[in-house]
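A short worksheet on the structure shown next.
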Amino acid sequence: MNFITVTPIDLAIAAVLVILNGALSIALGLRIEAQLAIAAVRMVVQLLLVGIVLTTLFALVSPLWTGLAALAMVLFAGREIVARQERRLLGAWAYGLGTACMLVAATIVTVFALITQVQPDPWYNPRWSLPLLGMILGNTMTGISLGLHTLTTTVVRERVAIEARLALGASRNEALQSASRGAVRTALMPIVNAMAASGLVALPGMMTGQILAGIEPIEAVKYQILIMFLIAGGTSLGAVTAVAGGVYRLTDARHRLRLDRLAPGPA
Amino acid sequence: MLVVRDLTRDGLAPASFTLDDGECIAVRGASGSGKTLLLRAIADLDPNEGVVTLDGAERMAMPAPEWRRKVTYIAAEPGWWTDTVEQHFTDWTAAAALVRELGLQDDCGNWPISRLSTGERQRLGLVRALMLRPQVLLLDESTSGLDDAAAAAVERVICARLRDGASAIWVTHDTAQARRLARRALAFDGGRMCEEAM
């Protein structure tokens with residue numbers, strides 16, 4: 001394996017590019033130099049902290065600490081889902097629905113991959129479980145937030161048509177079928193595009209990382225294919241359950257449309 | 001017979017009345033006075049409280065979709081959820097006679113919804129609801145966008161249904177129309193309802 005270590009000096013040289021970006025911003029009056037500096041510093045600090053945390057977790061190989069780290073990742077991702085909603089559900093549903101669906105979907109798919117394909121020893125070994133979970137979680141999060149966003153905005157936009165169907169005796173699932181199908185389709189679009197474009201338009205980040213770390217390309221490719229399948233599975237499961245939960249919450253047992261359960265939209 | 005007892009919801013004071021088979025009650029009042037809220041509450045389209053029965057059967061005892069097929073709300077501006085007219089009907093051929101009676105063109109089934117005028121939408125929305133053969137029609141300004149001839153055609157169709165035993169609650173701003181169709185009216189003012197003779 002040809003592994004080339006990156007030294008702090010190498011990083012400092014690369015950082016010159018960001019400094020040049022800042023200089024460009026000042027020269028062109030873009031006024032993003034402060035944001036650029038803060039973002040760059042945040043990125044360095046966050047990644048160094050993650051590096052330290054992962055090193056510790058990899059050394060411990062503890063089911064408790066691995067589980068807690070996984071839970072923290074899910075909870076942070078849940079916050080991101082809420083932040084991306086234009087019309088969020090009111091109350092605990094805003095955070096709870098997306099987070100719960102992501103927790104279930106990402107856990108099932110990650111554990112499935114760990115015990116049937118990757119098979120590390122022990123099965124929860126954080127060196128494999130946490131990066132796998134991270135990749136699946138990131139994509140499932142995008143799928144769920146896109147799905148919920150599309151569902152809520154479509155239901156608000158199509159209120160008259162949905163209520164017309166309800167008034168004619170359609171059930172809530174029948175009346176919201178078109179909205180929920182559109183929401184799941186939108187949720188799956190990024191992974192479908194990513195699979196279709198893989199290798200032709202872009203070399204996926206994980207595969208590139210493995211190749212740079214000295215892994216044979218064909219081995220990196222096999223890992224990437226595995227990850228893509230897992231992401232597709234996790235995203236579908238998460239998006240379908242989140243959209244179904246959204247339909248459940250946006251209607252009631254008397255098959256009424258309940259837009260009063262959505263927070264007001266932006267002015 | 002439809003019996004409404006202490007029906008209330010946000011913006012609507014408790015309302016009670018009965019509607020006999022074959023009867024039409026007119027609903028009058030200024031815009032925003034609660035007329036539409038009443039019809040939607042009877043159809044159970046919004047959260048509400050109170051007792052509503054049809055021929056002795058309590059609406060909460062039956063699934064809401066079944067209730068709404070018997071007691072059907074027809075909005076002033078009907079909603080459309082797909083591209084062409086006939087896609088909104090389970091049996092477009094069976095609707096042909098009603099379509100003609102209401103003065104619509106025979107070939108309008110394959111028209112895109114975007115081609116329809118306000119009046120055509122209103123009449124097709126009515127046909128769509130009448131095809132369910134509901135026992136109670138909740139008509140929300142069903143002739144507001146129509147010319148005199150089309151409005152008369154709608155009245156004729158509804159009167160035929162009343163003769164067959166259906167009943168109707170008809171929101172209208174047209175006093176002459178209310179007099180033609182109903183013997184009594186529900187008058188609304190600021191969410192409060194009172195019954196009056198025509």
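Every heavy atom of this structure was used, including side-chain atoms; hydrogens, water molecules and symmetry mates were not. Model, not experiment: these values are computed from the prediction. Naming convention: chains lettered A, B, ... in sequence-line order (proteins, then strands); numbering from 1 in each chain.
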B:D107: side-chain hydrogen bond (donor to acceptor under 3.5 Å, both in side chains) partners, not counting sequence neighbours: none
Qualifying residues under side-chain hydrogen bond (donor to acceptor under 3.5 Å, both in side chains), relative to B:E196, sequence neighbours excluded: B:R28
Chain A contacts, top residue of B:P63, B:A64, B:G79, B:P65 (heavy-atom pairs, under 4.5 Å): B:P65
Heavy-atom pair with the smallest gap, counting every atom of B:L132 and A:L168: CD1-O, 3.5 Å
Under the side-chain hydrogen bond (donor to acceptor under 3.5 Å, both in side chains) test, residues paired with B:R5 that sit two or more places apart: none
Chain A contact via B:M131 - side chain, backbone, both or neither, heavy atoms under 4.5 Å: neither
Pairs table: donor-acceptor atoms between chain B and chain A closer than 3.5 Å:
unit_1 : atom_1 : unit_2 : atom_2 : d
B:R40  : NH1    : A:E163 : OE1    : 3.0
B:R40  : NH2    : A:E163 : OE1    : 3.0
B:R40  : NH2    : A:E163 : OE2    : 2.9
B:D44  : O      : A:R256 : NE     : 3.3
B:D44  : OD1    : A:R256 : NE     : 3.2
B:D44  : OD1    : A:R256 : NH2    : 2.6
B:D44  : OD2    : A:R254 : NE     : 2.8
B:D44  : OD2    : A:R254 : NH2    : 3.1
B:D46  : O      : A:R256 : NE     : 3.3
B:R59  : O      : A:R254 : NH2    : 3.1
B:M62  : O      : A:R254 : NH1    : 2.9
B:R68  : NH1    : A:H255 : O      : 3.0
B:R68  : NH2    : A:R254 : O      : 2.7
B:R68  : NH2    : A:H255 : O      : 3.4
B:R69  : NH1    : A:G169 : O      : 2.6

Residue B:A43 versus chain A: region with a heavy atom under 4.5 Å: neither
